[in-house]
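Please read the structure below before turning to the comments.
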Amino acid sequence: MIKQWIRRRKFPLIGGLVILTAMLSFFVFQSRQKKILRLGVYAGSSWDVPSGKEYQFLDEAISRFEKKHPNVEVRYESGILKEDYSSWLSGKIVEGTQPDVFVVPENDFNLLASTGALANLDGRIKKELDTSQFYSSAYKAGHFGQNQFALPFESNPVMMCINIDLLKKEGIKLPASDWTIADFYNICKKVTKDTDGDGVIDQYGSFGYGWEEALAAYNIELFNKTGTQAYFNTKKVRTALSLVTKLKNLNGSYRVTLKDFDEGRVAFFPMTLAQYRTYKPYPYHVSKYSSFSWSCVEMPSQKSSLARTQSSTSLYAISAKTSQSKLAWEFLKLLCADKKTQQQLFEDSQGASVLKSVMNSQESKNLLQNDSFGARALTVNTLDSILKKATTAPRFKSYNTIYEKAGYLITKSLEDDTVESDLSDIQKDIEDELK
């Protein structure tokens with residue numbers, strides 16, 4: 001009787017062991033299978049300047065990540081042009097095949113964040129990330145509403161590049177970082193002249209200083225944070241735009257060109273860091289970078305205490321539908337918050353790191369000292385100060401579309417010299433868009 005009972009129990013026991021063994025084998029097999037982390041990127045620079053190391057930096061970062069995570073393979077589709085990337089990404093999102101981690105197109109962040117395409121990072125950031133390591137404006141670029149939906153990757157601030165030789169020839173002292181709009185205009189007025197006596201102006205104060213630079217100088221915000229109000233028809237905006245008109249009028253009917261600056265006949269040129277780091281003026285490509293000595297300082301402002309800098313920031317985000325959220329977060333941190341990665345980015349790319357520690361490192365100091373423009377052209381201290389004073393554009397869903405329209409209307413008004421009469425109409429047009 002006992003033997004029969006043992007025999008009856010033996011088969012269920014053996015069956016259970018077989019099932020357990022199969023399950024263990026399955027889990028071992030699964031653990032040995034490669035996990036795929038999909039990455040969305042475009043070819044080249046975020047700042048529309050030449051880039052000779054399109055994927056080298058990214059491949060090195062991926063190699064480091066895969067070495068730390070042997071069971072993971074990071075894949076990306078190469079050859080996607082920046083101008084095609086937004087359409088490519090939106091197509092992937094519609095299909096439900098979006099990458100786990102991806103560069104967020106600058107003009108698409110507000111839309112993607114507002115429509116739930118991006119993962120909310122607040123919980124992980126609170127537990128694992130010290131946000132004070134980032135420059136404030138760079139970090140805020142990934143904020144929408146009350147939440148953080150992306151981390152900053154690279155910044156591209158605007159700074160004022162100065163022809164030292166021209167100012168020295170005119171007996172003008174090099175501006176300090178706390179210079180004002182009044183200083184800027186007075187120098188432009190002094191250097192704008194006919195230098196060869198033929199009755200034609202051939203030396204100019206500035207090139208490329210437009211309405212956006214003027215509004216930043218006066219610390220003007222055109223919208224409230226939620227995008228429900230606009231502030232175009234104000235005395236402060238009129239004053240800022242009148243500066244642009246006054247600068248243009250110094251040159252008479254002549255429109256100053258980049259070639260004039262390249263040839264050393266212009267004192268000031270607002271230039272992004274990426275433009276500065278890739279600047280090779282025609283016709284000096286072969287022999288040298290420029291025909292004059294450089295320096296770069298912060299942009300002038302209405303008051304030195306209110307100095308603000310325009311800056312763009314590229315962002316990386318995680319898909320809200322990723323099935324690899326932990327791995328995606330680890331890779332996001334490697335790209336954006338890892339000092340080694342960010343230091344390499346500053347060396348390989350054209351913009352600035354978003355980490356304060358990188359921009360103040362000895363490696364960064366050496367890099368700027370050894371560039372083709374000379375050790376005094378742009379210093380770590382100047383660049384750090386510029387990045388600390390950078391501004392962040394408003395974050396509401398329709399901002400990019402409305403700002404583009406506003407830019408068109410303001411530019412046309414300046415060209416027609418009708419700013420005084422146009423601002424009230426521009427205000428009304430923008431208010432209609434905000435409704």
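This one's a predicted model, so the numbers in the text were calculated from it and none came from an experiment.
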Are any of the side-chain heavy atoms of [X] and [Y] separated by less than 4.5 Å?
X	Y	result
Lys225	Arg395	no
Ile80	Val41	no
Thr313	Thr392	no
Cys161	Trp294	yes
Thr411	Trp211	yes
Asp262	Phe292	no
Ile125	Thr131	yes
Leu167	Pro175	yes

Geometric cation-pi criterion Lys246 and Tyr185, 6.0 Å radius, 45° cone
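Pair Lys246/Tyr185 counts as cation-pi.
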Does the ring of Phe346 carry Arg277 above it, NZ/CZ under 6.0 angstrom from centre and within 45° of its axis?
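Positive - Arg277 is close enough to the ring of Phe346 and near enough to its axis.
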Are the aromatic rings of His69 and Phe65 close, with centres under 6.0 Å apart?
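Yes, they do, as the ring centres are separated by less than 6.0 Å.
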With a 6.0 Å cut-off on the ring centroids, do Phe102 and Tyr76 count as close?
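No, the ring of Phe102 stays outside the 6.0 Å limit from the ring of Tyr76, centre to centre.
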Please check if atom [atom1] in [X] has more than 12 non-hydrogen atoms from other residues, nucleotides or ligands closer than 6.0 Å.
X	atom1	value
Lys236	NZ	yes
Gln146	CD	no
Lys365	NZ	no
Lys82	NZ	yes
Lys412	NZ	no

Between [X] and [Y], is any side-chain donor less than 3.5 angstrom from a side-chain acceptor?
X	Y	result
Thr309	Ser311	no
Asn366	Gln362	yes
Ser293	Asp165	yes
Thr228	Asn224	yes
Glu95	Thr97	yes
Ser319	Asp100	no
Arg265	Asn163	no
Tyr42	Asp84	no
Thr379	Asn381	no

Heavy-atom closest contact ([X] atom, [Y] atom, distance):
X	Y	value
Ala43	Tyr55	CB-OH, 3.3 Å
Ala119	Phe149	O-CD2, 3.6 Å
Gln427	Ala230	NE2-O, 2.9 Å

Within the side chain of [X], is there an N or O that forms a donor-acceptor pair under 3.5 Å with the backbone of [Y]?
X	Y	answer
Ser353	Val358	no
Tyr218	Ile181	no
Gln275	Thr272	yes
Gln350	Pro50	yes
Lys248	Leu414	yes
Glu298	Pro300	no
Gln203	Thr192	no
Thr418	Ser421	no

Taking atom CD1 of Ile220 and atom CD of Glu212, what is their separation to the nearest 0.5 Å?
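Separation between the atoms: 12.5 Å.
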Can you pull the salt bridge (charged side-chain N to carboxylate O under 4.0 Å, His left out) pairs that have at least one residue in [range], sequence neighbours excluded?
range	result
residues 344-355	Lys53-Asp348
residues 188-211	Glu170-Lys193
residues 321-345	Arg64-Asp338, Glu128-Lys333, Glu330-Lys333

Kindly write out the residues that satisfy ring pair (Phe, Tyr, Trp, His ring centres under 6.0 Å) with Trp47, not counting sequence neighbours, or none if the list is empty.
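With sequence neighbours excluded, Trp47 shows a ring pair (Phe, Tyr, Trp, His ring centres under 6.0 Å) to no residue whatsoever.
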Name the orientation class of the two ring planes belonging to Tyr209 and Phe184 (parallel below 30°, tilted from 30 to 60°, perpendicular beyond 60°).
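Aromatic pair Tyr209/Phe184 classed tilted.
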With side-chain hydrogen bond (donor to acceptor under 3.5 Å, both in side chains) as the test, would you mind laying out the steps for Ser349 and Glu154 before giving the verdict?
CA-CA 9 Å; Ser349 187; Glu154 186 180 17; 2.6 Å; yes
Asn110 and Ser114: side-chain hydrogen bond (donor to acceptor under 3.5 Å, both in side chains), yes or no, with the steps?
CA-CA 6 Å; Asn110 295 340; Ser114 64; over 6 Å; no
One pair to check against side-chain hydrogen bond (donor to acceptor under 3.5 Å, both in side chains): Asp416 and Ser413. What are the steps and the verdict?
CA-CA 5 Å; Asp416 296 340; Ser413 182; over 6 Å; no
Run the ring-ring contact (aromatic ring centres under 6.0 Å, His included) test on Phe261 and Phe269 for me, step by step, so that the C-alpha distance in whole Å, both residues' side-chain angles and the decisive distance to 0.1 Å come before the verdict.
CA-CA 8 Å; Phe261 179 78; Phe269 178 18; 4.9 Å; yes
Suppose we screen for side-chain contact (heavy atoms from CB on, under 4.5 Å). Which residues come up paired with Ser361, at least two apart in sequence or across chains?
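Once residues adjacent in sequence are excluded, the partners of Ser361 under the side-chain contact (heavy atoms from CB on, under 4.5 Å) criterion are Gln343, Glu363, Ser364.
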Derivation and outcome, salt bridge (charged side-chain N to carboxylate O under 4.0 Å, His left out), residues Asp432 and Lys435
CA-CA 5 Å; Asp432 290 341; Lys435 290 178 181 178; 3.6 Å; yes
Before you tell me yes or no, could you show the steps for Lys126 and Asp122 under salt bridge (charged side-chain N to carboxylate O under 4.0 Å, His left out), namely the whole-Å CA-CA distance, both residues' side-chain angles and the distance that decides it to 0.1 Å?
CA-CA 6 Å; Lys126 187 175 181 180; Asp122 288 342; over 6 Å; no
Step by step, would you call Glu73 with Lys35 a side-chain contact (heavy atoms from CB on, under 4.5 Å)?
CA-CA 6 Å; Glu73 180 182 346; Lys35 292 181 179 178; over 6 Å; no
Sequence neighbours excluded, every pair satisfying ring pair (Phe, Tyr, Trp, His ring centres under 6.0 Å) that has a member inside residues 221-256
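Only Tyr204-Tyr254, Phe223-Phe232, Phe223-Phe396, Phe223-Tyr399 qualify under ring pair (Phe, Tyr, Trp, His ring centres under 6.0 Å).
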For the pair Asn156 and Ser312, evaluate side-chain hydrogen bond (donor to acceptor under 3.5 Å, both in side chains) and give the outcome as yes or no after the intermediate values.
CA-CA 5 Å; Asn156 189 28; Ser312 299; 5.6 Å; no
